[in-house]
Protein chains: 2
Amino acid sequence: MARASSSTALDAFDHAILRILQKDNTTPQRTIGEAVNLSAPAVQRRIKRLEETGVIEANVAVVNPAKVGQPLTIFVEVEVISETAELIDLAKTEFSAAPEIQQCYYVTGEADFMLVIVVPTMTAYEALARRLFFGNNNVKKFRTFVAMDRVKVGLAVPCEI
Amino acid sequence: MARASSSTALDAFDHAILRILQKDNTTPQRTIGEAVNLSAPAVQRRIKRLEETGVIEANVAVVNPAKVGQPLTIFVEVEVISETAELIDLAKTEFSAAPEIQQCYYVTGEADFMLVIVVPTMTAYEALARRLFFGNNNVKKFRTFVAMDRVKVGLAVPCEI
DNA sequence: GCAATATTGCAAGTTTGTTTCGTGAGATCC
DNA sequence: GGATCTCACGAAACAAACTTGCAATATTGC
């Protein structure tokens, strides 16, 4: 069996490998190979290709925020006044620069940005809000949601086939 | 220099190691050791401890959803009718079971759940919404935000000290 | 059906992770 | 104050995993 296409298309082997790596990227290539019926070097080459083509964006350790002194996870919906490209890009840059902001998405709907923020205390969040939201003339309003329970956390992606 | 406490407290070495692993957990322990001024075995023991104590929850490959045929990221704010423990737990279970739901948080504020969903098409999202939201008698309302830009995505946690 | 290309498996070589052992620093108890 | 205990460290040996070259095989395009 060979790859579906020579370019960047993913075949069933790739999906199977990704499924494993998304759960545990310390799984030995030999073990992966046994699971997907491929030799270890073949698995290695496919992983390398997946990394080079950007399918695998990073290999990271997932840390429990509460256990490193950052027990508060907060969602923020931000609505801006003007949606000119310059102002949106400015906001993106500012939000990206803040280490407390774990995730930042530019969205359509009743808000313009969705933020996921991790902070040690409510005081820290208030300081951040004062700086990023009250201190930004283009922020019309923002709504805060404090997480009480991390029911499910993942960047893993459901893989079909 | 010694560890701050014998139990589960993290010292500066641990934080330095975590900072590296959060960016790239394939970094060789020798390299980490050089960066933090520790031997490779010392690094290895600390990583093992961090994993055993749950500070490191997982080691995963981060996949680009768009490149595996899941180009749509959607935020959903869900408001429920009754917040009894049973009904909340039921909702948590249902949301956790859906592979499309990447992240699920139970929050305080004007909504009760914040969801981050990854799907291939809008049609797939509509089907999911019909099943999970319209098909759940306890869902009062939900608001959908479609992500146009993944400005910043991470589960990495800002480490102090 | 044939040539060109791509992918595989095997085996050797290299890097990395892991274990063992002895040492030294700090804490505790007498 | 001194002995002892615990813990973490580093150096070296060991084991495991990753990586690469090569020949063979499968697939794609013509």
Side-chain angles (χ1 to χ4, degrees), chain A residues 1-63 67-69 159-161, chain B residues 1-64 67-69 156 159-161:
Chain A
M1 186 196 281
R3 157 175 307 295
S5 159
S6 61
S7 59
T8 56
L10 308 184
D11 62 13
F13 283 129
D14 293 316
H15 280 111
I17 292 170
L18 285 175
R19 210 167 5 240
I20 294 171
L21 293 181
Q22 284 180 12
K23 280 200 293 218
D24 180 8
N25 72 350
T26 67
T27 310
Q29 295 171 352
R30 179 175 46 80
T31 308
I32 298 174
E34 290 168 7
V36 305
N37 280 319
L38 230 48
S39 70
V43 171
Q44 129 82 9
R45 286 185 279 255
R46 281 169 180 272
I47 293 175
K48 187 182 175 193
R49 187 203 313 259
L50 290 169
E51 290 173 346
E52 287 171 350
T53 57
V55 176
I56 294 177
E57 292 185 335
N59 289 285
V60 304
V62 177
V63 171
K67 299 211 175 183
V68 291
C159 285
E160 75 294 347
I161 281 289
Chain B
M1 188 195 280
R3 154 177 305 301
S5 160
S6 61
S7 59
T8 56
L10 307 184
D11 62 13
F13 283 129
D14 292 316
H15 280 111
I17 293 171
L18 285 176
R19 214 173 354 248
I20 294 171
L21 292 182
Q22 284 180 11
K23 281 200 294 220
D24 181 7
N25 72 350
T26 67
T27 311
Q29 295 172 352
R30 286 170 170 77
T31 308
I32 299 174
E34 291 167 10
V36 304
N37 280 318
L38 229 48
S39 70
V43 171
Q44 131 90 0
R45 285 184 283 257
R46 282 170 179 272
I47 293 175
K48 188 182 175 193
R49 187 201 314 259
L50 291 168
E51 288 173 346
E52 286 170 350
T53 57
V55 176
I56 295 177
E57 293 186 334
N59 288 285
V60 304
V62 177
V63 171
N64 184 328
K67 299 212 175 180
V68 291
C159 283
E160 75 293 352
I161 282 289

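Numbers restart at 1 for each chain; the letters A, B, ... are given by sequence-line order, proteins then strands. No hydrogens, no waters, no symmetry mates; every other heavy atom, side chains included, goes into these values.
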Calculate the interatomic distance between A:N37 atom CG and C:dT7 atom C1'; express it in whole Å.
16 Å
Overall bend of the helix from C:dG1-D:dC30 to C:dC30-D:dG1 (five pairs an end, 10° steps) is 50°
Return the value, rounded to whole Å, for the distance between atom CG of B:D11 and atom P of C:dG26.
15 Å
Going by salt bridge (charged side-chain N to carboxylate O under 4.0 Å, His left out), name the pairs with one or both residues in residues 35-45 of chain A, residues two or more places apart or in two chains.
none
Starting at CD1 of A:I47 and ending at C1' of C:dT7, how long is that distance when rounded to a whole Å?
16 Å
Quick one: is C:dT7 close enough that its OP1 or OP2 comes under 4.0 Å of any side-chain N or O from A:R46?
no
Specify the closest pair of heavy atoms between A:N25 and B:V60, including all atoms of both residues, with the distance to one decimal.
ND2-O, 3.3 Å
In this structure, how many angstroms lie between the C1' atom of D:dC7 and the CG atom of B:L38, rounded?
14 Å
Using whole Å, report how far CG of B:D14 lies from P of D:dC7.
16 Å
Nearest whole angstrom, please: distance from the P of D:dT19 to the CD1 of A:I32.
11 Å
Give each protein N/O atom lying under 3.5 Å from an N/O atom of nucleotides 16-19 of chain C, with the pair distance.
residue: C:dG17; atom: OP2; partner: B:Q29; partner atom: N; Å: 2.8
residue: C:dG17; atom: N7; partner: B:R30; partner atom: NH1; Å: 3.0
residue: C:dG17; atom: O6; partner: B:R30; partner atom: NH2; Å: 3.3
residue: C:dT18; atom: OP2; partner: B:Q29; partner atom: NE2; Å: 3.4
residue: C:dT18; atom: OP2; partner: B:Q44; partner atom: OE1; Å: 2.4

Here the gap from A:I17 atom CD1 to A:R49 atom CZ, rounded to the nearest 0.5 Å, amounts to 10.0 Å
Less than 3.5 Å apart, which donor and acceptor atoms pair up between the side chains of residues 26-38 of chain B and the rest of the protein, not counting sequence neighbours?
residue: B:T26; atom: OG1; partner: B:D24; partner atom: OD1; Å: 2.5
residue: B:T26; atom: OG1; partner: B:D24; partner atom: OD2; Å: 3.2
residue: B:T27; atom: OG1; partner: B:D24; partner atom: O; Å: 2.7
residue: B:Q29; atom: NE2; partner: B:Q44; partner atom: OE1; Å: 3.4

Can you tell if the side chain of B:V62 reaches within under 4.5 Å of the side chain of A:I56, non-hydrogen atoms only?
no
Kindly write out the residues that satisfy salt bridge (charged side-chain N to carboxylate O under 4.0 Å, His left out) with A:E57, not counting sequence neighbours, or none if the list is empty.
B:R150
Please report the interatomic distance CG(A:D14) to CG(A:L50), rounded to the nearest 0.5 Å.
5.0 Å
Just so I know, are the side chains of A:L10 and B:K67 near enough to count as touching, which here means a heavy-atom distance under 4.5 Å?
no
